[in-house]
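Remarks on the structure that follows.
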Amino acid sequence: MAIEDDVVVVGGGLAGLTAALAAARDGAQVRVISHKESTLRQASGLVDVLGYPPGGEGPVVDPFDAIPDLPDEHPYRRVGVEGVREGLALFDDVAGYAGDHTDRNALVPTFGGTVKPTARYPDSVGAGLASDRRDAVLVGFETVVDFDAALAADHLEAAGVPFAVRGATTRFPGGFRADAAVTRLARALDENERVERAGGPAGVSTTVPAREALAERVKPHLGDAERVGFPAMLGLDHPDEVRADLRSLLGADVFEVPMAPPSLPGMRLQSRFEAALREANVALTSGNPVVDHERSGESRDRVDAVVVERNGARIPHYADQFVLATGGLVGKGIDSDRSGVREPIFDCRVAAPDDRYDWFDEDAFGDHPFARFGVETDDDLRPADADGDPTFDNLRAAGAVLGGYDFAAEKSGSGVSLSTGVVAGRRASEAAR
């Protein structure tokens, strides 16, 4: 049987891209197969390792102190503290985030006015940390309805942040359509397009660079505030330059507030990962779903290929080792219906109560068991059966497809993706040698 690649990674999210990059940098020939565009472009750009302990009070100050106390089935217990550090080290190399990134969580304000404990944040967020005591103004735009600056400021004050914060809403400078995409407005700041200046003499049209026009609109709202927060749209390709110009024009520090999708920090991060993958010669195949697999071996315990469906044809992709990184219930990496819960490509075991009423907690905001549904693995991250034995010798799993943790409640999704991704990728590469 011809082996086309050393390692095939199924899934193009953070876990899949991390696994692919780790394997490729370890010397393997790697291919990533994803159904759709990477989910990184929907991400906030923040990396959460562990914000809240399972079933406990939080927030967590130092995730690395808390990891040894997690339940045995948690993915972090499989990879250990060292695996988490390896995942963050790879991320730091790719993302190039500056700032004071230590073992301790930083407290980052979000677009909803909550304070999120997070391990890594983009440079653009640094001046907005909730631990900073400088007074702040949050600025929203009339056509960017996902960010209500006044409401976010009220919520931050209610949360007890140690600084005064106000919200203001203004029009984005220029004659852009009311339904202009956030990316279009970001491009205007990237290129510093000339836009019409507001408040000029009647009948006289004056144009100025977009950054200068934006600063003119914000200055009346600044007051004594020493820093200004904007929705995360201050440029796509040149955000550092945009912030530096605005800081100079306003005489105040400037930061971005992480936003809901589509996320410009996520797009920036995706671009950096794609550049790193190209440099590592990772092949990217996207646009068609993986629907099945081929297996061999006396016990049928070896994956030979994954099967992609394209225009009605079934196309196998052969490799020596495979990594499953297709996401969880939200990402369709785990399927569920009235008959049960399953992993659809390799039919890996997903433990779940037979009675569907046991999947949920009576309290809508309670501890729902379904949030921890996912593939169970051995200590080598190989999907395992009910006895803990690996289903396949050459398949590993990473990211949200794994069970045993509630990423939303714990604020641990990115950290699990990075740590299990880097460990799964490196072990797959080692096994392929």
Practice problem: Please list, chain by chain and in numerical order, all residues satisfying salt bridge (charged side-chain N to carboxylate O under 4.0 Å, His left out) with Asp93, sequence neighbours excluded. | Solution: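 Scan of Asp93 (salt bridge (charged side-chain N to carboxylate O under 4.0 Å, His left out), adjacent residues dropped) gives Arg25.
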
Self-check item: salt bridge (charged side-chain N to carboxylate O under 4.0 Å, His left out) involving Asp301 - partner list, sequence neighbours excluded
Solution: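 Salt bridge (charged side-chain N to carboxylate O under 4.0 Å, His left out) check on Asp301 returns nothing, list empty.
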
Sequence neighbours excluded, which residues qualify as side-chain hydrogen bond (donor to acceptor under 3.5 Å, both in side chains) partners of [X]?
X	answer
Arg372	Asp367
Asp240	Arg243
Asp135	none
Arg300	none

Quiz item: Are Val47 and Leu88 close enough, and set up right, to give a side chain to side chain contact (heavy atoms under 4.5 Å, CB included), and what steps lead you there?
Solution: CA-CA 9 Å; Val47 171; Leu88 286 175; 4.0 Å; yes

Run the salt-bridge test on [X] and [Y] with the 4.0 Å N-O cut-off and return the result as yes or no.
X	Y	result
Arg382	Glu376	no
Arg426	Asp26	no
Asp335	Arg342	no
Arg349	Asp385	no
Arg268	Glu256	yes

Whether [X] side chain and [Y] backbone form a donor-acceptor pair below 3.5 Å:
X	Y	result
Asn394	Asp320	yes
Tyr76	Val49	yes
His155	Gly112	yes
Thr114	Thr110	no
Ser429	Gly425	no
Ser248	Ala244	no
Ser263	Ala43	yes
Glu343	Ile345	yes
Asp62	Phe64	yes
Asn192	Arg211	yes

Pairwise side-chain contact, [X] with [Y], heavy-atom cut-off 4.5 Å (strictly under):
X	Y	answer
Val257	Phe230	no
Pro239	Leu234	no
Val165	Glu157	yes
Val9	Val30	yes
Leu90	Val94	yes
Ile315	Val307	no
Arg396	Leu324	no
Val306	Val291	no

Quiz item: So among Leu70, Val416, Asn105, which one has a side-chain contact (heavy atoms from CB on, under 4.5 Å) with Leu50?
Solution: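 Looking at Leu70, Val416, Asn105, the match for Leu50 under the side-chain contact (heavy atoms from CB on, under 4.5 Å) is Leu70.
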
[X] [atom1]: over 12 foreign heavy atoms closer than 6.0 Å:
X	atom1	result
Phe407	CZ	no
Arg433	CZ	yes
Arg104	CZ	no

Which atoms form the tightest heavy-atom contact between [X] and [Y], and what is the distance?
X	Y	value
Val115	Ala130	CG1-CB, 3.9 Å
Ala398	Val323	CB-CG1, 4.4 Å
Arg302	Phe392	N-CD2, 4.0 Å
Phe111	Asp146	CD1-O, 3.4 Å
Val108	Pro258	CG1-CG, 4.1 Å
Val139	Pro231	O-CD, 3.0 Å

Quiz item: Between the side chains of Asp5 and Gln29, is a donor N or O closer than 3.5 angstrom to an acceptor N or O?
Solution: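 Result is yes, a qualifying pair exists.
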
Exercise. Using distance alone, with no hydrogens and no angle criterion, decide if Gln321 and Arg427 have a side-chain donor and acceptor under 3.5 Å apart.
Key: no

N/O donor-acceptor pairs under 3.5 Å from side chains in residues 274-289, not counting sequence neighbours:
unit_1	atom_1	unit_2	atom_2	d
Glu274	OE2	Gln270	NE2	2.8
Thr285	OG1	Arg31	NH1	2.9
Asn288	OD1	Arg310	NE	3.4

Exercise. Could you note down all residue pairs passing side-chain hydrogen bond (donor to acceptor under 3.5 Å, both in side chains) where residues 13-24 supplies at least one of them, sequence neighbours left out?
Key: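 Sorted pair list comes back empty.
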
Practice problem: Given side chain to side chain contact (heavy atoms under 4.5 Å, CB included), test Tyr121 with Leu129 step by step and report yes or no. | Solution: CA-CA 10 Å; Tyr121 52 85; Leu129 297 185; 3.6 Å; yes

Quiz item: Who pairs with Phe322 by ring-ring contact (aromatic ring centres under 6.0 Å, His included), at least two apart in sequence or on another chain?
Solution: none

Self-check item: With Tyr405 via ring-ring contact (aromatic ring centres under 6.0 Å, His included) - residues at least two apart
Solution: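 Once residues adjacent in sequence are excluded, the partners of Tyr405 under the ring-ring contact (aromatic ring centres under 6.0 Å, His included) criterion are His74.
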
Quiz item: Passes side chain to side chain contact (heavy atoms under 4.5 Å, CB included), Val228 versus Leu138? Steps please.
Solution: CA-CA 6 Å; Val228 185; Leu138 302 182; over 6 Å; no

Self-check item: Inter- and intrachain pairs under salt bridge (charged side-chain N to carboxylate O under 4.0 Å, His left out), touching residues 407-417, at least two apart
Solution: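 Counting only pairs at least two positions apart or across chains, no salt bridge (charged side-chain N to carboxylate O under 4.0 Å, His left out) contact touches residues 407-417.
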
Exercise. Quick one: which residue pairs count as a salt bridge (charged side-chain N to carboxylate O under 4.0 Å, His left out) with a foot in residues 108-133, not counting sequence neighbours?
Key: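 Every pair satisfying salt bridge (charged side-chain N to carboxylate O under 4.0 Å, His left out) with a residue in residues 108-133: Asp48-Lys116, Asp92-Arg120, Asp132-Arg134, Asp132-Arg227.
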
Exercise. Verify whether the ring centers belonging to Phe141 and Phe172 lie closer than 6.0 Å.
Key: yes

Quiz item: Does the side chain to side chain contact (heavy atoms under 4.5 Å, CB included) test come out yes or no for Arg78 and Thr420, once each step is laid out?
Solution: CA-CA 8 Å; Arg78 301 294 187 193; Thr420 59; over 6 Å; no

